[in-house]
Amino acid sequence: MPELPEVETVCRGLAQRLVGRRLRRVEVRRADLRQPVPPDFAARLTGRRVLAIDRRAKYMLWHLDDEAVVLGHLGMSGRLAVKADPAAPPATHDHVRFETDDELVVVYNDPRRFGLLLLATEATLAGHPLLRELGPEPLSAAFTAASLRERLGGRRGPLKAALLDQTVVAGLGNIYVCEALYRAHVSPLRPAGALSAAEARRLVTEIKAVLSTAIAAGGSTLRDYVQADGELGGFQSQFVAYDREGEACQSRTCRGGQVITRIVQSGRATYYCPRCQK
DNA sequence: CACACAACCTGTCAGC
DNA sequence: TGCTGACAGGTTGTGT
């Protein structure tokens, strides 16, 4: 999916276009996403004004003018994009269509239907089952080496899997975990609970750095990810580990003396350098 | 509680 | 060209 930087990019793009606008028409063309779109979704959104759009982990939050909040997730293949031609017929996998009072059309398209669009309220948001257990935002001041080590304490499974656990830190996915571990020179195979303070500091620093850089570049572009305005993100070319199996490791210590290796952990691909990631 | 794994659904790509 | 199988950014439920 869209990991945190991609969701952030989509949120910013959508906010520019939607905040202050009123939703004139909402059409649910296909409700069977990861969780069903509520039957009253369209009715409850119609006529509402969008006050703000923000993000928690990989969830998107649309705050409406009646205390309702749209809770969205893009899953693996979801996109929310402004339709260039509002009059064009729906594309394959266009599941939900939002039309504003100024003729803007935003479409939720999701081939795999792993995403979701739900409704909550401002009052129930914090306690929502999907948000309740989430760990700290990695770009917040609350995410520190000390807090990370505390959450990893007692875990003997591999660090890679622990960092993908959204209750440890919220918003990382497979790509940025690989990239952050690589940049921090920490092995994905290390038992999560055995991280030293210095390693945790490096890791936290690199997690923040890689996410910030990716957001600044407008997210990354994989097969089916597009920003809110349909533009491609610019970060993909900056991956130094992810999907680079067999390529020379560029780190200062390796100097091309080792190649990026692909292994499988918990059923997911991990890319790392066995020499400089200890 | 921690962890591995399968499942959810569809598209793409490599190999035959 | 067509078929088959592996694989893909995520999350959740089940079983050990």
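Treat the numbers as computed from the prediction; the structure is a model and nothing was measured. Letters go in sequence order (proteins before strands), and every chain restarts at 1.
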Regarding [X] and [Y], does a basic nitrogen lie under 4.0 Å from an acidic carboxylate oxygen?
X      : Y      : result
A/D165 : A/R155 : yes
A/E99  : A/R97  : yes
A/R22  : A/D65  : yes
A/R262 : A/D243 : no
A/R21  : A/D102 : yes
A/E206 : A/R202 : no
A/E199 : A/K278 : no

What's the closest nucleotide to the side chain of A/H73 if the choices are C/dT12, C/dG10, B/dA4?
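My answer, after comparing the listed nucleotides, is C/dG10.
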Using modelled atom types only, decide if a donor and an acceptor are shared between the side chain of A/R34 and the backbone of A/R113 within a distance under 3.5 Å.
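Between the backbone of A/R113 and the side chain of A/R34 there is no qualifying donor-acceptor contact (under 3.5 Å).
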Donor-acceptor pair, A/R56 side chain versus A/K58 backbone, under 3.5 Å?
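Checked: no pair found.
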For atom [atom1] of [X] and atom [atom2] of [N], their distance in whole Å:
X      : N      : atom1 : atom2 : answer
A/R55  : C/dG10 : CZ    : P     : 14 Å
A/E133 : B/dA2  : CD    : C1'   : 15 Å
A/L33  : C/dG10 : CG    : C1'   : 14 Å
A/R268 : C/dA8  : CZ    : C1'   : 9 Å
A/D165 : B/dA2  : CG    : C1'   : 10 Å
A/Q35  : C/dT11 : CD    : C1'   : 10 Å
A/H93  : B/dT12 : NE2   : C1'   : 12 Å
A/L172 : C/dT11 : CG    : C1'   : 15 Å

Base, sugar-phosphate alone, or nothing: which one does A/L164 contact when heavy atoms must sit under 4.0 Å apart?
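The residue A/L164 makes no contact with any strand.
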Looking at every strand, decide which applies to A/P191 at a 4.0 Å heavy-atom threshold: base, sugar-phosphate, or nothing.
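The residue A/P191 makes no contact with any strand.
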Please write out each protein N/O paired with an N/O of nucleotides 5-9 of chain B under 3.5 Å, distance rounded to 0.1 Å.
| residue | atom | partner | partner atom | Å |
| --- | --- | --- | --- | --- |
| B/dC9 | O4' | A/R112 | O | 3.4 |
| B/dC9 | O3' | A/R113 | NH1 | 3.1 |
| B/dC9 | O2 | A/R112 | NE | 3.0 |
| B/dC9 | N3 | A/R112 | NH2 | 3.4 |

May I ask you to verify if any side-chain N or O of A/R156 is less than 4.0 angstrom from the OP1 or OP2 atom of B/dC3?
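The answer is no; no side-chain N or O of A/R156 sits under 4.0 Å from OP1 or OP2.
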Counting just side-chain N and O atoms, does A/Q166 come under 4.0 Å of either OP1 or OP2 of C/dG10?
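Answer is no, no contact under 4.0 Å.
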Is DNA chain B part of any stem, that is, at least 3 consecutive Watson-Crick or G-U pairs with both distances under 3.5 Å, and where?
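For DNA chain B the paired stretches long enough to count as stems (3 pairs minimum) are B:2-8 with C:10-16, B:10-16 with C:2-8.
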